[in-house]
Amino acid sequence: MFNPCGAATWLLTEIDPDDHTVAWGLCDLGIGFPEFGTVGLTELAAYRGRLGLAIERDLHFKARGPISAYIQAVNKADRIVEDIRL
């Protein structure tokens with residue numbers, strides 16, 4: 001998922017089975033401190049950025065490896081990157 005008017009990106013991997021409004025994943029708000037943790041799906045759905053645009057699902061994203069590879073790449077780049085070979 002991504003913010004079309006900002007730098008935020010979320011690579012969500014699973015939904016909490018006990019609370020379907022909470023997802024786990026790699027969250028990058030675009031301020032240099034991405035982390036793996038939880039995010040509220042209700043909060044993401046309610047968000048409206050500049051121009052009133054909502055958070056969108058990236059229909060063209062294809063994972064190039066497991067989430068652990070993205071976490072390793074984040075630790076080197078301080079942001080979510082598509083090239084996980086960093």
Side-chain angles (χ1 to χ4, degrees):
M1 302 188 80
F2 69 98
N3 178 352
C5 291
T9 303
W10 297 265
L11 298 181
L12 303 179
T13 59
E14 57 196 285
I15 304 291
D16 184 326
D18 297 323
D19 183 351
H20 296 280
T21 67
V22 175
W24 281 89
L26 189 55
C27 307
D28 182 356
L29 299 180
I31 57 175
F33 302 100
E35 60 183 37
F36 185 79
T38 60
V39 63
L41 296 176
T42 305
E43 186 178 350
L44 287 182
Y47 178 82
R48 295 294 178 268
R50 290 178 287 194
L51 307 174
L53 296 175
I55 303 300
E56 295 185 23
R57 180 175 163 216
D58 186 346
L59 300 176
H60 302 286
F61 176 77
K62 300 269 190 232
R64 294 186 168 102
I67 194 67
S68 59
Y70 285 93
I71 292 170
Q72 287 177 351
V74 156
N75 288 333
K76 294 177 184 173
D78 290 329
R79 61 187 174 86
I80 293 176
V81 294
E82 287 193 60
D83 185 358
I84 57 176
R85 297 171 295 156
L86 285 174

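None of the values given here were measured: they were computed from a predicted structure.
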Using the rule given for side-chain contact (heavy atoms from CB on, under 4.5 Å), can you reason through Phe36 versus Val74, listing the C-alpha separation, both sets of side-chain angles and the distance that settles it, and then say yes or no?
CA-CA 10 Å; Phe36 185 79; Val74 156; over 6 Å; no
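- One hydrophobic cluster, built from ILVMFWY side chains closer than 4.5 Å, cannot hold both Leu26 and Leu29; they sit in different ones.
- The shortest heavy-atom contact between Gly37 and Cys27 is O-SG, 4.5 Å.
- Residue Phe33 qualifies as open at atom CZ: its count of foreign heavy atoms under 6.0 Å is 12 or below.
- The environment of Glu56 atom CD is dense: over 12 non-hydrogen atoms of other residues, nucleotides or ligands sit within 6.0 angstrom.
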Verdict with supporting geometry, Tyr47 and Leu53, side-chain contact (heavy atoms from CB on, under 4.5 Å):
CA-CA 8 Å; Tyr47 178 82; Leu53 296 175; over 6 Å; no
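- Transitive grouping of hydrophobic side chains (ILVMFWY, heavy atoms separated by less than 4.5 Å) brings Leu12 and Ile15 into a common cluster.
- When all heavy atoms of Ile84 and Arg64 are compared, the pair lying nearest together is CD1-O, 3.3 Å.
- Atom CZ of Arg50 sits in a sparse spot, with 12 or fewer heavy atoms from other residues, nucleotides or ligands closer than 6.0 Å.
- Atom NZ of Lys76 sits about 13.5 Å away from atom CD1 of Ile71, to the nearest 0.5 Å.
- Contact record, Leu41 with His20: CD1-O, 3.6 Å, taken as the closest heavy-atom pair.
- The minimum heavy-atom distance between Thr9 and Ile80, with the atom names listed, is O-CD1, 3.7 Å.
- Here the closest non-hydrogen pair linking Gly30 and Asp28 is N-OD1, 2.8 Å.
- Note on Trp24 and Tyr70: same hydrophobic cluster, where clusters join Ile, Leu, Val, Met, Phe, Trp and Tyr whose side-chain heavy atoms are under 4.5 Å apart, directly or indirectly.
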Using the rule given for side-chain contact (heavy atoms from CB on, under 4.5 Å), can you reason through Trp10 versus Ile55, listing the C-alpha separation, both sets of side-chain angles and the distance that settles it, and then say yes or no?
CA-CA 10 Å; Trp10 297 265; Ile55 303 300; 3.6 Å; yes
Derivation and outcome, side-chain contact (heavy atoms from CB on, under 4.5 Å), residues Thr38 and Asp16
CA-CA 9 Å; Thr38 60; Asp16 184 326; over 6 Å; no
